[in-house]
Amino acid sequence: MKNFLPIILTLAMSSTTLSVSGSTPESANTSASASAPASASAPASASAPALGGKHLKHSIIPEPQVVVPLDGEKFKIDSKSVIVAIGCEEMNSATFLKSYLQRYYGVDVVVVDKLPARESDRKAISSVIQLNLRQLAGIDPMPNFGYDLSDLKREGAYHLQVGAAQATLTGANPSGLFYAIQTLIQLLPVPADQNITAITPNSATASSAKTSISGNSLYLPQILVVDFPRFEYRGMHLDVVRHIYSVDYVKQYIDYLALHKMNYFHWHLTDDQGWRMESKSHPLLNEIGSWRAGTIIGIFPGTGVDSTRYGGFYTIAQMKEIVEYAAQRYITVVPEIDVPGHSMAIIATYPHFSTTPEIPKQPAITWGIYNRQNNVLAPSEEVFKFLEDVFNELMDVFPGKYIHIGADECAKKWWEESAKTQEFMLKYGLKDENELQKYFAKRIADIVHARGREFIGWDEMLDDGLVKGAVVMSWRNVENGIKAAELGHKAIMTPIKYSYFNVAQKRDEDTLCHRAWFAPVDSVYLFEPVPADVPASVAANIIGGQGCMWTEYFPHKQRLEYGIFPRFSALAEVYWTLPANKNWPKFQLKLVDQFDRYDLWGANYSTEIFRSAGFDRNRY
């Protein structure tokens with residue numbers, strides 16, 4: 001690509017101005033399509049300008065709907081600052097902020113339920129962070145800012161105003177207050193002397209972020225923010241089957257969601273390579289199905305197998321601990337048991353659940369077995385009783401309204417070749433294998449609906465005909481999500497070209513990943529989940545979207561985070577920010593500060609965006 005960074009600063013700053021108390025809202029930006037994408041690789045230019053967060057009045061990700069920078073003395077946070085939190089929900093958000101300040105800055109603030117009565121005690125307080133829950137009022141004239149009072153009633157809406165001595169954070173609801181905390185966090189300065197050298201994708205250890213602000217004062221600009229999410233569902237997925245991650249790391253991953261104002265964590269718990277949830281009703285799943293004999297080496301089909309026994313599972317107590325941890329961050333866990341395909345771990349445990357029970361099976365040691373190895377469940381009342389048991393166990397642990405049933409990549413040929421399966425289809429009046437897969441979905445849907453929940457499945461469900469109440473997660477393309485929405489079903493967008501972070505993020509990708517696809521950060525950011533020609537009645541059924549991290553080639557934290565960052569941050573803005581307020585050139589500038597936050601968190605990342613765009617994030 002051509003070096004277009006010399007024009008980025010101009011594009012990012014060429015916002016339409018609206019007068020509000022003498023200030024200019026930064027959210028009224030130029031269109032996100034104002035610049036060319038940065039997907040092609042190009043060497044960094046030695047003459048590229050030194051760009052960074054200092055060129056912006058804020059670097060909040062995702063971009064709020066309304067931001068009004070204010071003049072005046074900066075707001076100070078130090079050990080004499082107090083957070084005022086009057087109720088339980090306010091206290092939850094206050095605890096998160098207090099912990100963040102202590103962990104990353106060494107600043108220990110006090111949380112109180114009210115300010116002291118004595119004037120002498122109040123004078124000892126350097127600054128106040130006031131947390132409120134109440135109905136929000138807008139900034140006049142609201143139409144100029146592209147929202148109305150109904151938007152301020154959305155789940156997640158909030159108002160933030162930082163003055164010289166007090167910061168007031170008000171949520172329309174508890175999640176809104178929590179999101180106000182995340183915005184305040186992104187106004188914090190990032191330590192200037194920390195190590196900002198990226199970790200290479202194959203590094204064994206992460207670089208630790210060094211902070212120099214321990215016990216000192218933090219200064220924030222005065223600012224006014226009015227904000228609310230565009231979509232109801234804003235999520236990230238994590239596959240813990242191909243490679244399992246510790247409870248502590250799953251919590252860290254959930255924190256990444258929280259810091260980006262995401263509210264759904266899709267946890268992929270079962271697949272061909274392992275069964276990762278404890279089962280009391282079927283303990284053999286953990287004795288046999290949770291362990292594989294080895295793992296392929298290199299990109300599929302691989303150069304061999306390492307022959308190292310691999311596996312494990314999360315106990316019920318551990319899963320409940322993660323559910324509670326997520327709930328404290330207003331994140332709902334969406335657990336997935338993937339059937340009737342992707343079931344090798346099940347049929348390795350219970351061979352008679354297979355259409356070929358006479359053939360020995362084991363949890364898969366390789367990837368890509370669709371249509372190559374028989375990994376489908378055979379239909380029988382015993383199998384459906386098994387599914388009733390394990391899905392009820394799942395719902396006993398996970399209280400969220402969405403339960404993911406998989407329903408993807410189910411090779412029909414194994415059913416076609418099975419005489420017993422054909423007998424079942426004849427008995428139950430199923431004319432073909434598509435109807436059989438729909439029957440599987442219907443039986444599981446009945447189990448889920450009986451518990452008052454909704455079920456999600458991958459978009460292959462469209463091929464078989466949708467069961468009533470199905471929520472379609474569209475991964476193969478955008479069109480399937482739109483088709484589901486046209487049929488009156490909820491749709492969640494996660495198209496592979498824009499949302500899969502296990503695929504290459506640069507043309508010359510030299511790390512292990514799915515190289516057949518290419519999803520650079522600009523493609524992620526510029527993706528529009530609801531095309532302009534989609535009618536409003538259909539668009540209303542597109543409830544949001546998510547990113548996906550499949551871990552075949554991501555066995556540890558450093559590799560995984562190299563895959564997700566900064567694409568994770570780009571995706572957050574796709575599903576939070578209204579299209580009129582997105583701005584690709586500005587987002588690139590915000591990434592300079594965002595990468596410093598990654599360092600602060602001890603996270604790894606890809607620096608491809610700086611290489612392809614032709615500028616050096618270290619030059620200030």
Side-chain angles (χ1 to χ4, degrees), residues 239 241-242 268 270-275 288-289 292-293 296 299-302 305 336-384 386-387 390 404-445 457-467 470 472-477 480 483 496 514 516-517 550 552:
D239 162 24
V241 176
R242 279 58 176 235
H268 187 77
T270 77
D271 215 298
D272 296 310
Q273 295 78 17
W275 180 278
I288 299 173
R292 62 178 182 257
I296 69 165
I299 299 288
F300 178 83
V305 177
E336 179 180 1
I337 294 177
D338 196 351
V339 289
H342 287 275
S343 297
M344 189 67 86
I346 299 174
I347 59 180
T349 306
Y350 300 106
H352 60 293
F353 287 177
S354 169
T355 64
T356 53
E358 71 282 0
I359 299 175
K361 296 177 179 64
Q362 62 177 346
I365 61 175
T366 184
W367 333 124
I369 72 172
Y370 171 68
N371 249 353
R372 294 187 178 93
Q373 297 181 31
N374 183 356
N375 64 345
V376 304
L377 293 174
S380 71
E381 287 306 317
E382 186 179 3
V383 165
F384 290 120
F386 164 83
L387 294 175
V390 294
H404 206 301
I405 71 168
D408 64 313
E409 294 182 328
C410 185
K412 307 295 196 301
K413 71 177 185 178
W414 313 111
W415 288 335
E416 294 169 358
E417 297 170 359
S418 167
K420 284 191 175 181
T421 297
Q422 295 301 312
E423 290 175 9
F424 182 94
M425 291 167 57
L426 183 63
K427 178 180 179 180
Y428 285 80
L430 305 173
K431 66 180 182 181
D432 58 26
E433 288 71 26
N434 286 340
E435 284 202 359
L436 174 57
Q437 180 155 355
K438 182 178 179 180
Y439 183 79
F440 263 97
K442 175 66 168 60
R443 291 289 295 262
I444 301 170
W458 299 102
D459 64 24
E460 282 92 339
M461 291 193 302
L462 284 162
D463 304 341
D464 311 311
L466 293 177
V467 172
V472 175
M473 187 166 276
S474 185
W475 75 275
R476 291 180 294 178
N477 52 49
N480 282 339
K483 181 179 178 181
I496 188 170
H514 287 280
W517 295 283
W550 302 97
E552 291 96 333

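For clarity, every value in this text was computed on a predicted model and none was experimentally measured.
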Indicate yes or no: at least one non-hydrogen side-chain atom of Tyr350 is less than 4.5 angstrom from one of Val383.
no
Is the closest side-chain heavy-atom distance between Thr356 and Lys361 below 4.5 Å?
yes
When you measure from the side chain of Asp459 to the backbone N and O of Arg476, does any donor-acceptor pair fall under 3.5 Å?
yes
For Trp415 and Pro379, the nearest pair of non-hydrogen atoms, with its separation, is NE1-CD, 4.1 Å
Once rounded to the nearest 0.5 Å, what's the spacing between atom CG of Asp239 and atom CH2 of Trp550?
6.0 Å
Could you tell me the separation between the CG atom of Asp338 and the CG atom of Asp408, rounded to the nearest 0.5 Å?
4.5 Å
What residues, two or more places apart in sequence or in another chain, satisfy side chain to side chain contact (heavy atoms under 4.5 Å, CB included) together with Ser418?
Thr355, Lys420, Thr421
Which one of Phe384, Phe440, Tyr439 satisfies the ring-ring contact (aromatic ring centres under 6.0 Å, His included) criterion with Tyr428?
Tyr439
Under a 3.5 Å distance rule, please check whether Glu435 uses its side chain to pair with a backbone N or O of Lys431 as donor and acceptor.
yes
Arg292 to Trp367 - nearest heavy-atom pair and separation
NH2-CH2, 3.9 Å
Shortest non-hydrogen contact from Ile288 toward Ala348
CG2-O, 3.9 Å
Does the side chain of Lys413 reach to within under 4.5 Å of the side chain of Glu433, using non-hydrogen atoms?
no
Side-chain donor/acceptor of Ser354 to backbone N/O of His352, under 3.5 Å:
no
Looking at side-chain heavy atoms only, is the closest gap between Thr349 and Trp275 below 4.5 Å?
no
Considering all heavy atoms, the nearest Met461-Val472 contact
CE-CG2, 4.1 Å
Taking every heavy atom of Ala364 against every heavy atom of Ile369, the minimum-distance pair comes out as CB-CD1, 4.2 Å
Any carboxylate oxygen within less than 4.0 angstrom of a Lys/Arg side-chain nitrogen, looking at Glu381 and Arg443?
yes
Between the side chain of His268 and the main-chain N/O of Thr270, is any donor-acceptor distance below 3.5 Å?
yes
Under 3.5 Å side-chain donor-acceptor pair for Gln422 and Glu417:
no
Provide the closest heavy-atom pair for Pro360 versus Glu358 in the form atom of the first, atom of the second, distance.
CD-O, 3.5 Å
Roughly how far, to the nearest 0.5 Å, is the CG atom of Asp272 from the CD1 atom of Ile365?
12.5 Å
Drop me the distance from His342's NE2 to Ile337's CD1, to the nearest 0.5 angstrom.
14.5 Å
Answer yes or no: is there a side-chain heavy-atom contact under 4.5 Å between Asn480 and Trp475?
no
Look only at the side chain of Gln273 and the backbone of Thr366, and say whether a donor-acceptor pair between them is shorter than 3.5 Å.
yes
Mind checking whether Glu336 and Trp458 have side chains closer than 4.5 Å, heavy atoms only?
yes
Taking C-beta and beyond as the side chain, do Leu377 and Phe386 meet within less than 4.5 Å on heavy atoms?
no
Partners of Asp271 by salt bridge (Lys or Arg N to Asp or Glu O under 4.0 Å), sequence neighbours excluded?
Arg242
Just by modelled atom types, is the Val467 backbone N or O under 3.5 Å from a matching donor or acceptor in the Lys438 side chain?
no
Can you check salt bridge (Lys or Arg N to Asp or Glu O under 4.0 Å) on Lys412 and Asp464, steps first, answer last?
CA-CA 11 Å; Lys412 307 295 196 301; Asp464 311 311; 3.7 Å; yes
Note, Val376 side chain near Cys410 side chain (heavy atom, < 4.5 Å):
yes
Looking only at atom types and distance, does a side-chain atom of Glu460 sit under 3.5 Å from a main-chain N or O of Ala407, one as donor and one as acceptor?
no
